[in-house]
Amino acid sequence: MRIATWNVNSVRTRLEQIQAWLQQERPEVLCLQETKVADELFPHQAFGELGYGSAISGQKAYNGVAILSSLPLEDVQIGFAALLPGQVQAERLGEQKRVISALVDGLRVLNLYVPNGSALSSDKYQYKLEWLDCLGQYLSIQAQQGDPLCMVGDFNIGPEARDLHDPQRLTGGIMASEAERQALATALDNRFSDAFRLFEAESGHWSWWDYRSGAWDRDRGWRIDHIYLCEELVACATGCQIHKHTRGNEQPSDHAPVVVNLAWPPEEEDDEDGEG
């Protein structure tokens, strides 16, 4: 199974690019962030013609997440409140459409669009930290359900110096502050592994290049789009790649897709007597 994540920065603006990538790569699952479209205007038919069903949670012009799958999407859950019903914080944070999950062939795919935070002095920064705190509570409940979890998305955080093109200058600022990094680590709670880092330890691999300041032409990027695997899925991972070339498209998203390859579902071992 191949599971991909891509912040497309408007699903309708980038529709032809997404379709072309799907036709070429044929992942079983593609999680989109920043779809920027109300649910009633989501292009279900365009993806359906390629053999993909879709589960969505969107809003006009901002945010929005979706899961596209060539396999059946089951038990779709939207927002933090799906696992934290009645919690005031979860309900309030759910006003921005940033969380969706579904069961796909026995594993749960969780698609997140983590708030950017804007600036350390901004109210949006405090919102981001609160959001990550709620994510930790959400993941604790999810763990109790027992589904193998693949968590993907635009996390808007470079976890380490090697995830930034200029760590000396950028560390401590937005998307690389100690509070953000710690909040993410607390939410992960040592229960997940960064799929990309299972296969590539070096710096120089980016998933996002700012539209400004010639970042793409100068390859001054960040690795902020992540795939996190629970322990069971780590054992199934066979590769993880960033599809950097898409950032060179005409009118591209500022993010590139990230894809993990999983040997899933795991093959059942034969019994000693050869049966099973």
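What's counted below: heavy atoms across the whole structure, side chains too, no hydrogens, waters or symmetry copies.
Annotation for Trp216: hydrophobic cluster partners, listed by chain and number, are Trp206, Trp209 (ILVMFWY side-chain heavy atoms under 4.5 Å, direct or chained).
Classification of Asp219 and Lys244 as a salt-bridged pair holds, one side-chain N sitting under 4.0 Å from a carboxylate O. A salt bridge links Arg223 with Asp194; the closest basic N to acidic carboxylate O contact falls under 4.0 Å. Classification of Arg169 and Asp166 as a salt-bridged pair holds, one side-chain N sitting under 4.0 Å from a carboxylate O.
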Evaluate the side chain to side chain contact (heavy atoms under 4.5 Å, CB included) criterion for residues Ile224 and Asp163: first the C-alpha distance (whole Å), next the side-chain angles of each, then the deciding distance (0.1 Å), finally the verdict. CA-CA 8 Å; Ile224 60 175; Asp163 299 312; over 6 Å; no
Give the intermediate values and the outcome of side chain to side chain contact (heavy atoms under 4.5 Å, CB included) for residues Ile56 and His44. CA-CA 9 Å; Ile56 61 173; His44 291 282; 3.5 Å; yes
Trace of the side chain to side chain contact (heavy atoms under 4.5 Å, CB included) decision for Asp225 with Trp208: CA-CA 8 Å; Asp225 301 271; Trp208 173 72; 4.2 Å; yes
Could you walk me through whether Trp6 and Glu34 pass side chain to side chain contact (heavy atoms under 4.5 Å, CB included), step by step? CA-CA 9 Å; Trp6 193 0; Glu34 275 202 279; over 6 Å; no
CA sep, side-chain torsions, deciding dist, call: Asn9, Lys36, side chain to side chain donor-acceptor pair (under 3.5 Å): CA-CA 7 Å; Asn9 194 10; Lys36 295 184 175 181; 2.5 Å; yes
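Proximity of Asp154 to Thr5: side-chain heavy atoms (C-beta onward) are nowhere separated by under 4.5 Å. Within the 4.5 Å cutoff, side-chain heavy atoms of Pro115 are placed close to those of Arg98. By the 4.5 Å heavy-atom criterion applied to side chains, Leu103 and Arg108 are counted as neighbours. At least one side-chain heavy atom of Leu233 sits under 4.5 Å from a side-chain heavy atom of Leu107. Considering only heavy atoms from C-beta on, Gln33 stays 4.5 Å or farther from His255 through its side chain. Residues Asp254 and Asp210 form no side-chain contact, since every pair of their non-hydrogen atoms from C-beta on lies 4.5 Å or further apart. Side-chain contact between Leu198 and Cys240 is absent, with no heavy-atom pair separated by less than 4.5 Å. When side chains are defined from C-beta on, Gln87 counts as touching Cys134, because their heavy atoms get closer than 4.5 Å.
Within 6.0 Å of atom CD in Gln145, more than 12 heavy atoms from other residues, nucleotides or ligands are found, so the atom counts as buried in its surroundings. Around the CD atom of Glu231, the shell of radius 6.0 Å holds no more than 12 heavy atoms that belong to other residues, nucleotides or ligands. When the shell of 6.0 Å around CD of Glu25 is examined, it contains more than 12 heavy atoms from other residues, nucleotides or ligands. Residue Tyr211 places its OH atom among more than 12 non-hydrogen atoms of other residues, nucleotides or ligands, all under 6.0 Å distant.
Between the CZ atom in Arg218 and the OG atom in Ser213 there is a gap of 7.0 Å [rounded to 0.5 Å]. Taking CD from Gln241 and NE2 from His205, the interatomic distance works out to 11.5 Å, rounded to the nearest 0.5 Å. Rounding to the nearest 0.5 Å places CD1 of Ile100 at 7.0 Å from CG of Asn111. Atom-to-atom distance recorded for Phe42:CZ and Leu15:CG is 8.5 Å, nearest 0.5 angstrom. Between the CD atom of Glu130 and the CG atom of Leu93 there is a distance of 5.0 Å, given to the nearest 0.5 Å. If you take CE on Met1 and CG on Asp105, they are separated by 4.5 Å, rounding to the nearest 0.5 Å.
Of all the heavy atoms in Arg2 and Glu28, the pair that sits closest is N-OE1, 2.7 Å. Contact record, Ser54 with Leu68: CB-CD2, 3.5 Å, taken as the closest heavy-atom pair. Contact record, Leu120 with Ser177: CD2-CB, 4.0 Å, taken as the closest heavy-atom pair. Contact record, Arg191 with Ala143: NH1-CB, 3.4 Å, taken as the closest heavy-atom pair. In terms of heavy atoms, Ile174 sits closest to Ala119 at CD1-N, 4.0 Å. Minimum interatomic distance between Arg197 and Glu202 (heavy atoms only, all atoms of both residues): NH1-O, 2.9 Å.
Of the N and O atoms on the side chains of Gln45 and Glu49, at least one donor lies less than 3.5 Å from an acceptor on the other residue. Side-chain contact of Gln144 with Ser140: a donor-acceptor pair under 3.5 Å is absent, judged by distance alone.
Hydrophobic clustering places Val65 together with Ile3 (ILVMFWY residues linked when any side-chain heavy atoms are closer than 4.5 Å, directly or through intermediates). The hydrophobic cluster containing Leu229 also contains Ile67, counting ILVMFWY residues as joined when their side-chain heavy atoms lie under 4.5 angstrom apart, directly or transitively. Hydrophobic cluster membership is shared by Phe47 and Val37, with clusters built from Ile, Leu, Val, Met, Phe, Trp and Tyr side chains linked at under 4.5 angstrom. In the hydrophobic cluster analysis, where Ile, Leu, Val, Met, Phe, Trp and Tyr join through side-chain heavy atoms closer than 4.5 angstrom, Leu132 is grouped together with Leu84. At a threshold of 4.5 Å between side-chain heavy atoms, the hydrophobic network of Ile, Leu, Val, Met, Phe, Trp and Tyr places Leu164 and Tyr125 in one connected group.
Classified by interplanar angle (parallel below 30°, tilted 30° to 60°, perpendicular above 60°), the ring pair His226/Tyr228 is perpendicular. In this pair, Trp131 and Phe80 present their aromatic rings tilted. The plane angle is within the 30 to 60° band.
Proximity of a side-chain donor or acceptor of Gln17 to a complementary backbone N or O of Glu250 within less than 3.5 Å is detected. A donor-acceptor pair under 3.5 Å is formed between the side chain of Arg14 and the backbone N or O of Gln251.
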